[in-house]
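This report concerns only the one structure given below.
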There are 2 protein chains.
Amino acid sequence: MDHLETRQLRYFVAVAEEQHFGRAAHRLGMAQPPLSRAIRDLERHLGVQLLVRTSRRVALTPAGQVLLDEARIALDAVATAGNRTRHAGQEVPALRLALKADHDAGLLPRILDAYDVLPVELLLGGYGEQLAALHDGRADVALLTTPFDERGIDSEPLVTGPRLVAMAASDPLAARTGLRLVDLTGRLLPYGTPAEKGLPTPPFDHHEPLDHSQIFSLIEVGAAVWFLPVWLAERFDRPGIAYRPVEGLEPATLTVAWPARSRLAAVATFVRTVQQIAGDTATYDNPAPVGHPV
Amino acid sequence: MDHLETRQLRYFVAVAEEQHFGRAAHRLGMAQPPLSRAIRDLERHLGVQLLVRTSRRVALTPAGQVLLDEARIALDAVATAGNRTRHAGQEVPALRLALKADHDAGLLPRILDAYDVLPVELLLGGYGEQLAALHDGRADVALLTTPFDERGIDSEPLVTGPRLVAMAASDPLAARTGLRLVDLTGRLLPYGTPAEKGLPTPPFDHHEPLDHSQIFSLIEVGAAVWFLPVWLAERFDRPGIAYRPVEGLEPATLTVAWPARSRLAAVATFVRTVQQIAGDTATYDNPAPVGHPV
DNA sequence: ATCGACCGATACCCTGCTGATATGGATCAT
DNA sequence: ATGATCCATATCAGCAGGGTATCGGTCGAT
């Protein structure tokens, strides 16, 4: 019984995710035949069939599903080992804070001002990258908006506030009060929080995430609407965009999060500092609609 | 930035643990020069110095210590992926129960009788192997005696009972009452629970763990004494060995434990079954000394 | 029913990684 | 001073792992 190598796991994950040897090989930057051989060797090595190949499609066996889950975890742990080590080798120690631009509820300047244990290195990333950075050791701590996948993550809530719908100021719905989720059916961007999975999305073919400028451009021309926390709305309070409360829309909570395994004193101090600042901050208990009138 | 391979991590862990390239190479079944080269490449790859080599000794840098910790976790995760997958590929699903022989407090027959969700596969192992089996995916569930390292492990207590000291029946101390920990200074075997680390051990040079027969042979001739839970004493109630309570010796708790990540329904059912059986069992609340008189 | 497109497997070759041996250089004990 | 110890370097060999060409089976279109 020889040892598993991460290369084998990476190959398998690629094939399992793509359900296609050719695409997986392309993604891995290699040709298809050696990939087929590598998977066959992996199956031989484990003594288990992982994939069912018909010449039309590739499907996972139950054992393959187990390996897909476990391999993701294992690859994450290996990446973490590398990232944490690289960081530990830097001459200047720093606290690496992952956050999404504009999703700090205005706390960031005060946080950076108040926290003086270590220099703070900011990792700005798009949707979902904060969690990934915590998991693979690129970040020590992150600011996240609920909901998120809490497995392996410890967190403390900081600020809770309603989420609003952003729409074109000229939109007929902007004149109404008492908006409900169903009123927005079919117009919701699939980016941002995936909380309203059930609702259909507009007929865009963007499979790439949009940045804020792109999103607000779409909203401004009435092509879509979007849910966002009130503190983000405050950052983009501009003519042409209206923000309205929506009945039944879950509020958002800004939280500070860190890897459950982490025992860094610098992180503990940071969390206390941030909680302190958040506690001193005005809450969003009683939201009034913001945005310019039509 | 290329990817880390488990081979590199295994090599590094070996060197870090042995603090010696030659010994590490021997342990890995290879020659020393390629190992040196592999570690050098790893350091280059990470851009971090991991080891300080003098020609007399090898020491870890802080970054090296980080990598040692993280690499152990990562290697464990990779091994887990392999073990869980292998198991998932078996045609006959089974619940794999890890335990140490004779440490089941007599519950095992009733457990096996009552649990009929899946066939139960027993993994008998020595001290510490139960935890390792849970961590690397060879076992789904285990019976453990406190204390143990609970990181990554969920557990439920089953039975609590005092620990006793086992000594030769002819030992002068066996005639005394009210034994205390200090009375046994220097005579305690270092195997079994490591709870009494401070106390010196007898002058044996066994670095291999002893099995029960070997331990009781040593005890019987008066060469050593040993602490053990009362349910283990009951299994080895024989002439020549006396069991006595010791003041201040922490009681032991037999627990059922499983990986914190586990969400197997079969494990949940097993735990409930075992708790049920343990609840029906007489406790050891009021221990009387057992063992033959001098 | 036939043909072509698609897709994974096989056959075969070649490069470079990984491990082995020989040796150098530095440090410490005697 | 000298030998022992231990890690690094130099060099070579074998094979693991990647590439190209091609086969065979399946499905959809005509």
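Naming convention: chains lettered A, B, ... in sequence-line order (proteins, then strands); numbering from 1 in each chain.
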Next item on the list: Return each pair, listed once, that meets salt bridge (charged side-chain N to carboxylate O under 4.0 Å, His left out) where at least one residue sits in residues 23-39 of chain A; pairs must be two or more places apart or across chains.
Entry: E17(A)-R27(A), E18(A)-R23(A), E18(A)-R27(A)
Notebook entry, point to check: What pair of heavy atoms forms the shortest contact from A16(B) to L68(B), and how long is it?
Noted result: CB-CD1, 3.9 Å
Checklist line | Sequence-distant partners of D136(B), side chain to side chain contact (heavy atoms under 4.5 Å, CB included), two or more places apart | finding: D76(B), A79(B), T80(B), N83(B), R138(B)
Notebook entry, point to check: Do the charged groups of R261(A) and E70(B) touch, with an N to O distance under 4.0 Å?
Noted result: yes
Item checked: Atom of H103(B), atom of T145(B) and distance for their closest heavy-atom approach -> CD2-OG1, 4.0 Å
Notebook entry, point to check: What parts of residues 18-28 of chain B reach DNA chain C, counting only heavy atoms under 4.0 Å away?
Noted result: none
Check: Has S36(B) got a side-chain N or O lying under 4.0 Å from the OP1 or OP2 atom of dA8(D)?
Finding: yes
Next item on the list: Report the distance from atom CD of Q49(B) to atom P of dC7(D), rounded to the nearest whole Å.
Entry: 15 Å
Next item on the list: List for me each residue that meets side-chain hydrogen bond (donor to acceptor under 3.5 Å, both in side chains) alongside T61(B), sequence neighbours excluded, and say none if there are none.
Entry: none
Might you list the N or O atoms of the protein lying below 3.5 Å from N or O atoms in nucleotides 13-18 of chain C, with each pair's distance?
| from | atom 1 | to | atom 2 | distance (Å) |
| --- | --- | --- | --- | --- |
| dT18(C) | OP1 | R7(B) | NH1 | 3.2 |
| dT18(C) | OP1 | R7(B) | NH2 | 3.0 |

Item checked: H45(A) NE2 to dG17(D) P, straight-line distance once rounded to whole Å -> 11 Å
Item checked: Spacing of R44(A) atom CZ relative to dA9(C) atom P, expressed in whole Å -> 11 Å
Item checked: Heavy-atom check, side chain of L131(A) versus side chain of D149(A), under 4.5 Å -> yes
Note to self: So that I can tick it off, tell me whether E43(B) and R86(A) are bridged by a salt bridge, with the cut-off set at under 4.0 angstrom between side-chain N and carboxylate O.
What the structure shows: no
Every protein N/O within reach of nucleotides 22-26 of chain D N/O, cut-off under 3.5 Å:
| from | atom 1 | to | atom 2 | distance (Å) |
| --- | --- | --- | --- | --- |
| dT26(D) | O4' | S55(A) | OG | 2.9 |

Next item on the list: Return yes if a side-chain donor-acceptor contact under 3.5 Å exists between R10(B) and T6(B), otherwise no.
Entry: yes
Notebook entry, point to check: Is the side chain of Q130(B) donor-acceptor paired with the backbone N or O of A98(B) at a distance under 3.5 Å, no angle test?
Noted result: no
Next item on the list: Among dT10(C), dT20(D), dG8(C), find the nucleotide with the atom closest to the side chain of R53(A).
Entry: dG8(C)
